[in-house]
Each structure stands twice: as C-alpha cells, then as structure tokens.
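Every value quoted in this text rests on a predicted model; they were computed, and no experiment measured them. So that the names make sense, note that chain A is the first sequence line, chain B the second, and so on, each numbered from 1.
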Amino acid sequence: MRLATWNVNSIRARVARTVDFAVREHIDVLAMQEIKCTPEQFPYAEFEAAGYEVVAHGLNQWNGVAIASRVPIEDVEHAFPGMPGFAKGVEGPEQPQEARALGATVGGIRLWSLYVPNGRSLGDPHYYYKLDWLSALAEHTSASLAENPDLALALVGDFNIAPTDADNGDPAVVPGFSTHVSPPEREAFAALEAAGLQDVVRPLVPTGYTYWDYKRLRFPRNEGMRIDFILGSHAFADAVAGASIHRDERKGEAPSDHVPVVVDLDLAGPDDDDRPMIF
DNA sequence: ATGTCCCCGGTTCGGGGA
C-alpha cells in the first residue's frame, strides 16, 4: 500500500494537480491538509472518477483536512480526544475546535491527517495554542498505544515544526525570533516521538525540504523547510519499505507551497497492490 | 520590497491567514 500526505493549500484551486499526482504515483491513501473548504464544497467528483473515496472535514475557508482512499475508510473522527480549540479574542475552554484533525482507519492503519497550528509568532496566543494542541496530541498518542501497543498508528501532515537546524533553509526563519524552530516547539515534536512514534521518512530520505514559501524566490533558491512528516508507531514503522519526497510538485503552474511525502508499506494480508504485475 | 497565494464579502479591493 502507498500512503501520502500533502498540504494542498486549497483543494478547489488544485484538484486536478492533486488527483493527477495520486493516480500517477499509485497512491492508495492520500491525507490532505489545508483543503480550505467545507465538505459541501469539496470536489468529490474528480477523486471518485479516479477511484477514490473521500472523507473531508472543514468548517469554513480556513484549515480543513481530508483523506482520499482506494480502500474503505472506517471509524472517522473529526478531532482527537482532548484537542484544544482556538478563536481570536476568546479565552478559556469555550473556544471552538478548528478543522485540523481527521482520524480514520484505512487498510488496517489508524491514520490521522493533521494540520498543526502555525503559531504565528513567538508569544502570540496562537503559539501557546500550538503547544497545547501538540501536547494533547502526544497525550492521545500515548493513551492509544498504551491501550494497544501493536496498533499501526500513523500521524501524518503539516506539523509546522522544523525539528532540526538542517530542516530550516529559510533565512527569514531565525532561531530566537521565529516560530517553527523554537525549543518549545521542538520539544513538543520530540514528545510525539517519546509517546511511541518515529519519523519513518527521514531514515530513507535523510535530506530535503517539504515546503517553500511563495515569497522571495524561496523555491528557486531552495530556501525551504522540512515541516511535513509521517510519524508511525512501531507496528506501522515495521511495514515501511520505502519513502519519497516529491519535490517536483513544487514546480509548474500553480503549485501548492508544500509537496507530497510518501511511504510504501508492506502490510500483512491479501495483496492490495493495484499496479499491474510485470514478469 | 510588507516581495505570493489563497479565501471571503459582495465586487474590481481590503482583510485575514500562512
């Protein structure tokens, strides 16, 4: 099975590109972030014509997450337990949850398509929201794996954190002044690993960015960031047979500012490979 | 160069977000 994650930066603006990629790369399950639409607005027809079922979670023009799959999508959740909410100028527990997490079981994997809050700037209420959100995510991960240590759990998406200095090539993102690289954010990312997850792509693709700002020629200069990840439990990681970061998807007409991250999985069970066999 | 791109409201532009 082939699993991908991609912050598409508006699915309506990029549906042809997104489906073309999924078909061309034989993606079985595609987790998307920043669909920027409601389920009513989602362009289902293009995905269905290519053989994908879609579950979408979006509340308005902001955020939004979805999963497209060629295998059945089951047990959908629109937030993980304990997920904090946020609203500008609103304090306390009455803050509404945003459309940043979509959980589903696909092909025996418990999958979360995640769009971690950006943080905006150090000290901004959104920055503390980001840290709280990640802390709750680590709590949920710990609880899930405590209940079933052999769960094939995958947290995928845009984490909005560059875990190491090598993951930041954007000269505007300055340690000490910028989000994405601050010690608390990196500690929050490490806490996900401590909860029982590992970055299954980095051992196979040690270098490379997944995002380049639209501004200031960041892509031609290759001044990007590695902020999109596939984190898996040991049962998931054991099935990983390959990985790739599709840098070319940042090229051409009207690209997203992020590119797809892909893993190939060797899963137990019946042959789920839809590619033609060649002898 | 606050340098781009996307959404919305309700319209040819400003605001918000990343």
Side-chain angles (χ1 to χ4, degrees), chain A residues 5-19 21 31-43 46 56-66 84-90 95-102 113-134 156-163 167-175 177-182 185 188-189 209-229 247-261:
Chain A
T5 184
W6 196 359
N7 178 324
V8 297
N9 185 19
S10 170
I11 191 57
R12 288 177 292 172
R14 259 173 279 288
V15 60
R17 231 188 133 119
T18 305
V19 174
F21 169 80
M32 290 167 270
Q33 300 85 37
E34 278 208 270
I35 62 171
K36 290 186 169 174
C37 68
T38 64
E40 292 72 26
Q41 295 171 314
F42 194 96
E46 290 87 340
H57 175 40
L59 298 169
N60 49 42
Q61 71 269 44
W62 308 122
N63 315 308
V65 281
F86 183 82
K88 210 168 181 177
V90 180
Q95 293 183 103
Q97 288 181 330
E98 299 182 300
R100 295 183 176 275
L102 181 64
S113 178
L114 302 172
Y115 179 43
V116 176
N118 170 285
R120 297 184 184 162
S121 61
L122 297 182
D124 191 288
H126 207 260
Y127 175 77
Y128 298 109
Y129 167 51
K130 178 180 193 174
L131 295 177
D132 289 345
W133 199 94
L134 287 161
V156 312
D158 176 0
F159 286 77
N160 271 319
I161 297 169
D167 299 324
N168 175 30
D170 187 330
V173 178
V174 181
F177 296 92
S178 305
T179 62
H180 295 56
V181 294
S182 73
E185 289 167 283
F189 189 87
Y209 304 131
T210 64
Y211 158 86
W212 296 259
D213 198 325
Y214 287 121
K215 299 188 285 264
R216 290 165 277 200
L217 300 173
R218 288 296 187 240
F219 184 63
R221 295 173 185 271
N222 195 29
E223 295 172 339
M225 304 184 81
R226 187 171 178 135
I227 56 177
D228 299 270
F229 299 99
R247 188 180 188 280
D248 284 356
E249 286 301 322
R250 188 63 175 77
K251 300 177 181 174
E253 281 293 307
S256 170
D257 42 1
H258 296 250
V259 296
V261 179

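For the residue pair Q33(A) / T5(A), a side-chain donor-acceptor distance below 3.5 Å is found, with atom types taken as modelled. Defined by atom type and a distance below 3.5 Å, a donor-acceptor pair is present between the side-chain atoms of N9(A) and K36(A). Side-chain contact, W212(A) with N222(A): a donor N or O sits under 3.5 Å from an acceptor N or O.
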> So what does the secondary structure string of DNA chain B come out as, 5' to 3', with Watson-Crick or wobble pairs under 3.5 angstrom, [ ] for crossing and | for pairs with another strand?
Replying inline: ...((((((...))))))
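W133(A) and F86(A) have their aromatic ring centers separated by at least 6.0 angstrom.
Counting heavy atoms from C-beta outward, E223(A) and P171(A) have side chains that approach closer than 4.5 Å. Between S182(A) and Y127(A), some side-chain heavy-atom pair lies under the 4.5 Å cut-off. Side-chain contact between F42(A) and M32(A) is present, with at least one heavy-atom pair separated by less than 4.5 Å.
For the pair R12(A) CZ and dC5(B) C1', the computed distance is 14 Å after rounding to whole Å. dG3(B) atom P lies 16 Å from atom CD of E223(A), rounded to whole Å. dG3(B) atom P lies 13 Å from atom CG of L217(A), rounded to whole Å. Nucleotide dC6(B) holds its P atom 17 Å from the CD atom of Q33(A), rounded to whole Å. Rounded to whole Å, the distance from CG on N7(A) to P on dC5(B) is 16 Å. Note: CD1 (I11(A)) to C1' (dC5(B)) measures 16 Å, nearest angstrom.
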>> Under the criterion salt bridge (Lys or Arg N to Asp or Glu O under 4.0 Å), I'd like the reasoning laid out for R17(A) against E253(A): C-alpha separation, chi angles, the key distance, then a yes or no.
In response: CA-CA 9 Å; R17(A) 231 188 133 119; E253(A) 281 293 307; over 6 Å; no
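The P atoms of dG16(B) and dG10(B) are separated by 15 Å, rounded to the nearest whole Å. Comparing the P positions of dG14(B) and dG3(B) gives a spacing of 14 Å, expressed to the nearest Å. dC13(B) and dT2(B) have their P atoms separated by 23 Å, given to the nearest Å.
Note on R218(A): every side-chain N or O is 4.0 Å or more away from OP1 and OP2 of dC5(B). For dC6(B), one of the phosphate oxygens OP1 or OP2 lies less than 4.0 angstrom from a side-chain nitrogen or oxygen of R14(A). Distances shorter than 4.0 Å separate some side-chain N or O of Q41(A) from OP1 or OP2 on dC8(B).
Of the listed residues (N160(A), D257(A), N7(A)), just one forms a side-chain contact (heavy atoms from CB on, under 4.5 Å) with Y211(A), and that residue is D257(A).
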Taking only nitrogen or oxygen atoms into account, show me every contact under 3.5 Å that the protein makes with nucleotides 16-18 of chain B, one pair per line with its distance.
| unit_1 | atom_1 | unit_2 | atom_2 | d |
| --- | --- | --- | --- | --- |
| dG17(B) | OP2 | K88(A) | NZ | 2.9 |
| dA18(B) | OP2 | R120(A) | NE | 2.6 |
| dA18(B) | OP2 | R120(A) | NH2 | 3.4 |

